[in-house]
Every structure is written in structure tokens, then in C-alpha cells.
Amino acid sequence: MAWTRHQMASRAARELADGFYVNLGIGIPTLVSNHIPPGLDVTLQSENGMLGLGPFPLETAVDPDIINAGKQTITELDRTSYVSSADSFGMIRGGHIDLAILGAMEVAENGDLANWMVPGRMVKGPGGAMDLVAGVRRIVVLMEHVARDGSAKFRRRCTLPLTGAGVVDVVITDLAVFERPERGARFRLLECAPDVTPAMVRERTEADYEEDVMA
Amino acid sequence: MVDKVYAGAVEALTGVLRDGMTIAAGGFGLCGIPETLIAAIRDSGVRELTLLSNNAGVDGFGLGLLLENRQVRRMVSSYVGENKEFERQYLAGELDIEFNPQGTLAERLRAGGAGIAGFFTRTGAGTSLAQGKEVRDFAGQPHVFETALVADLAIVKAWRGDPFGNLVYRKSARNFNPMVATCARLTIAEVEQIVGPGELDPDHIHTPGIFVQRVIRAVANEKRIEQRTIREAVA
């Protein structure tokens, strides 16, 4: 049975380590903040210029000057600091963020990521995604295994315009987890969702990957 | 004594606006946008503007007001997804857009204010946004050359400001405002509170007054929220 969005977020949270500074993208990645394992100290960064994101506010504590990169109202923690967008992206490009978890339209077997535009549709712009994949040390992608039209999203080559070339380290879908030991290496199938077999994953994946090392 | 405080937005903008000019605006989404100055620029009717701004506002608010009044010719932005009027004008060919990765946009504005002609960044290498730009390898990694951005006028929103133009921003409303404040020949800041000389702690000033020529009190502080997210109190 395929993982739900929350189970995917929970699995992604296992990529976190104690002391990590982490940037979470919009959508399913935002749910990861609800699944941080107890005992792990993780600081969330938001590229609009906030380090140390707290939970959503109580109704009575909403402050329009405290938002995350998804423009959602949030709260401060005792560790929170604010910076300009230039300093925020200095953290990101400068390699000071340990991990980013992002959504994707397509990932290629060489780690190329496409998540910012579909030609022929209105282009909304890349936002901070290109900076994140260029600078954050480890990039985890959270996405559905297949698109709504049934086509594979983990592909030999991306068909959509790239956000970054060769930048993805881990791919977590509703069916499986793929990882590679370093940029430039091949991905391997690490885990499958309950009752999902490696053969079922293969059938729904266009990318080439290794599956000899099953956890 | 120097006093950069003007009576209001109209007074601060007198003799400044002209058709075809480039205006840089602070803010991220609707957070930290100069609402008072945007309204005055809309009322002025100035046209053919180029706007340097991370976002384009939403329909009926923020820079969306200038878009729906047909005052904008070109935008340099990173994300414009919240604005239907933007989409309509863009698809009709009435509006040009130059997309920048968000961090590249912030750094281009910073460079413009700091006298740096351009810089190389890994961001965007291997993507369509690198097309037509110089690419050079550093430590075996391709980097894209990006040029500085400068504006004729910068408009920013701060929380507190003094007669010298020193500014303090509030929380995540800081965002693009500090770089925007530096990138133009003339910067106008609207502030929620105007305080007297010496009332701001010199150690806590975010934008020093050298970058700010005119200050007004912000009279529009609606601070509209795009995504009001809350949690329930646990009884």
C-alpha cells in the first residue's frame, strides 16, 4: 500500500540529524516539521529571512510580520533570528544549510531536478528553489511516484526545464525511497512502502537505478 | 540639523516620478511592502515603469495595484504566482518579465548598492536562466555571471526610523528591504514609527541613514496576510 502524504513526510523526517539546519519547501515538505523525531534538535530556516521557525500561531497571536517562505503565518522560538534576503541566501548558497526537502515535478536518474515551470503554462518563477539546490549540502525530494496522467516522475532525463543539474541526493515517493552515496553516483532503491514490491516500483519508474541493496 | 522627514507620500514623491523609470520595491509577498508609497505611485498615474521586486503583489493589493492600473511595463522578479492580472497582461504581451532566482535577485540588488558590477554564482547553472550569460568554472563547478541591479528610485518599508534616515525593520518584514534601500540614487522609506534623534540604538540600526534620502510615516499599514495559518489551543 502506498504511503500517505503524512507517512512520506514522516519518512523524510528520518533524514534529519541532531543539530541540523534545514529548509523545507512548500507543500508536502512543510508537513515534515510535524514529524521531527523527539530528542532531535533541528533548526528550520526560511529563505525570506528567518532562522528558527516555530509552529503556526494561536488565533490570538497571529503577526503579519512573521511569515515563512510559503507566506504562512508562523511564530518565533527562543533561538529565532531574522536576516535580510541577501544574508538568508548567503546561508543557503554558502553551504551552511545541512539539508533541504523539496517537491518535484520530475527527477532524472543523474539527479537533475525540475520543479519550477511547465512550458506552455503560465510561468510563476523559480523563487528560491534554484538557490537551494545549488547551495544546500543535501537535497531530499518528496514527490508522488507517478504524475496524474500516470507517467513516471523519476525519469531517464527530465523533460521539463531544470531547476538544477545533478543536485538530488534522496528521492522519497509514495511507493519507495531511492538514495545515492554521492553526487555523480547511481541511485539505488533503498526501501519500498508496505506491500509494494521492487517489481511494482520498477514498472512505474523510467529511471535506471540499482536495487541489489535492499534494506 | 538634517531632517529627512517629509509630510507624506505625495510630498516625498514630488518631482521624483517620471514615465519609464525603474523603481525597486522592498517586501516578500505582502510582508514588508511599502503600502503607503505604492498607493501614492498609483495615484500619480506614472506609466511604463520597470519594477524590481521579488513578487508582484496580489490582485488588488501591493504592486498588484500598479499592474491593474496599467502602469508597469517590465518586472524583474523571482516569483509572481499570486496575481491573475499579472498573468493576463503577460499572456497578452503587455508586460515583460525577467525571472531571477530569489537569492540571485537579492544579491544583484545588494551588488547594485555596494558598487559591485557583477558576481559569479552556482545558482542557475545548467538551467534556462543561465542562457546568454557567461559561465565560468570555479573549483570544477560551473558558475553563472550575474550583473548588478540599480534603480532610479527605491521604496522600502521599515518599522522605526529617525530624522537621519536610520531604519529598523520588524521581524520577517525585513526581507528585501535592506538591499533595496541601497540600490537607488533616491530612497524613500515609509516607517510605522518616526522616533527622535538618538532614540534608535546605534548597534541595532539595520539600514544607516546614508542610504535613505526621504522618510515618511506609513499611513497604510493593512499588512494583509496571504496564508493565515493557525493552530488550535490545547485545552
Side-chain angles (χ1 to χ4, degrees), chain A residues 26 30 46-50 53 55-76 80 82-93 112-114 116-117 119 122-135 161-167, chain B residues 26 28-32 54-56 77-82 86-87 90-91 97 99-107 109-111 121-129 141-143 159 169-179 206 221-233:
Chain A
I26 294 162
T30 304
S46 192
E47 62 264 28
N48 55 317
M50 185 170 180
L53 275 65
F56 293 149
L58 296 173
E59 178 81 55
T60 51
V62 169
D63 184 334
D65 288 339
I66 311 179
I67 63 166
N68 64 18
K71 287 118 182 174
Q72 296 173 312
T73 48
I74 51 165
T75 54
E76 295 173 346
T80 299
Y82 296 104
V83 295
S84 71
S85 300
D87 288 338
S88 176
F89 282 95
M91 295 175 192
I92 290 166
R93 275 192 318 264
D112 288 357
L113 169 68
W116 80 281
M117 75 170 286
M122 178 59 195
V123 184
K124 297 181 171 192
M130 287 188 181
D131 309 273
L132 284 161
V133 300
L162 297 188
T163 306
V167 296
Chain B
F28 176 90
L30 301 180
C31 181
N54 188 56
N55 309 96
S77 303
S78 97
Y79 189 81
V80 296
E82 321 293 349
F86 183 100
E87 181 171 346
Y90 175 74
L91 294 175
I97 173 80
F99 280 120
N100 284 229
Q102 194 174 139
T104 296
L105 180 63
E107 193 65 13
L109 292 163
R110 198 193 72 80
T121 175
R122 267 205 314 280
T123 302
T127 77
S128 59
L129 293 191
Q141 295 265 5
H143 287 62
W159 177 41
Y169 306 101
R170 184 170 182 276
K171 303 185 186 289
S172 61
R174 189 184 316 184
N175 56 62
F176 277 79
N177 283 298
M179 293 79 67
H206 296 135
N221 293 293
E222 179 182 334
K223 301 191 184 184
R224 192 179 293 184
I225 293 171
E226 279 185 72
Q227 305 285 338
R228 189 184 187 88
T229 45
I230 57 169
R231 71 185 140 105
E232 300 298 326

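Since we're looking at a predicted model, the values are computed, not measured. Just so we're on the same page: letters track the sequence lines, and every chain starts at 1.
- In terms of modelled atom types and a separation under 3.5 Å, the side chain of B:N175 and the main chain of A:S85 share no donor-acceptor contact.
- A donor-acceptor contact shorter than 3.5 Å is absent between the side chain of A:R93 and the backbone of A:G135.
- No donor-acceptor distance shorter than 3.5 angstrom exists from the side chain of B:S172 to the backbone of A:G49, with no hydrogens or angles considered.
- Looking at B:N54, there are no atoms closer than 4.5 Å to chain A (heavy atoms on both sides), in backbone or side chain.
- Of the listed residues (B:L91, B:T104, B:I97), the one with the most heavy-atom contacts under 4.5 Å to chain A is B:T104.
- Per-residue heavy-atom pair counts under 4.5 Å with chain B were compared for A:G128, A:A86, A:P57, and the maximum is reached by A:P57.
- Although no hydrogens or angles enter the test, the distance criterion places no donor-acceptor pair under 3.5 Å between the side chain of B:T127 and the main chain of A:T163.
- Annotation: maximal heavy-atom pairing with chain A below 4.5 Å, among B:R224, B:Q141, B:R228, B:H206, occurs at B:R228.
- With a 4.5 angstrom heavy-atom cutoff, B:L105 does not touch chain A via any of its atoms.
- Contacts with chain B were tallied for A:E47, A:E59, A:M117; A:E59 has the most, counting heavy-atom pairs under 4.5 Å.
- In this structure, chain A has no heavy atom under 4.5 Å from any part of B:Y169.
- With a 4.5 angstrom heavy-atom cutoff, A:F89 touches chain B only via side-chain atoms.
- When heavy atoms are compared at a cutoff of 4.5 Å, A:E76 approaches chain B solely by way of its side chain, counted from C-beta outward.
- Options A:A61, A:G166, A:A165, A:A69 differ in how many heavy-atom pairs under 4.5 Å they form with chain B, and the most are formed by A:A69.
- Residues forming a side chain to side chain donor-acceptor pair (under 3.5 Å) with B:T123 (at least two apart in sequence, or on another chain): A:D131, B:T121.
- Take B:E226 and apply the side chain to side chain contact (heavy atoms under 4.5 Å, CB included) test, not counting sequence neighbours, and it matches A:K71, B:L30, B:V58, B:E82.
- Across A:V167, A:L113, A:I92, a single residue satisfies side chain to side chain contact (heavy atoms under 4.5 Å, CB included) together with A:L132, and that is A:I92.
- Only the backbone of A:N68 comes within contact range of chain B, judged by heavy atoms closer than 4.5 Å.
- Per-residue counts of heavy-atom pairs under 4.5 Å with chain A were compared for B:R110, B:E232, B:R174; the largest is that of B:R174.
- No donor-acceptor pair closer than 3.5 Å links the side chain of A:D112 to the backbone N or O of A:L162.
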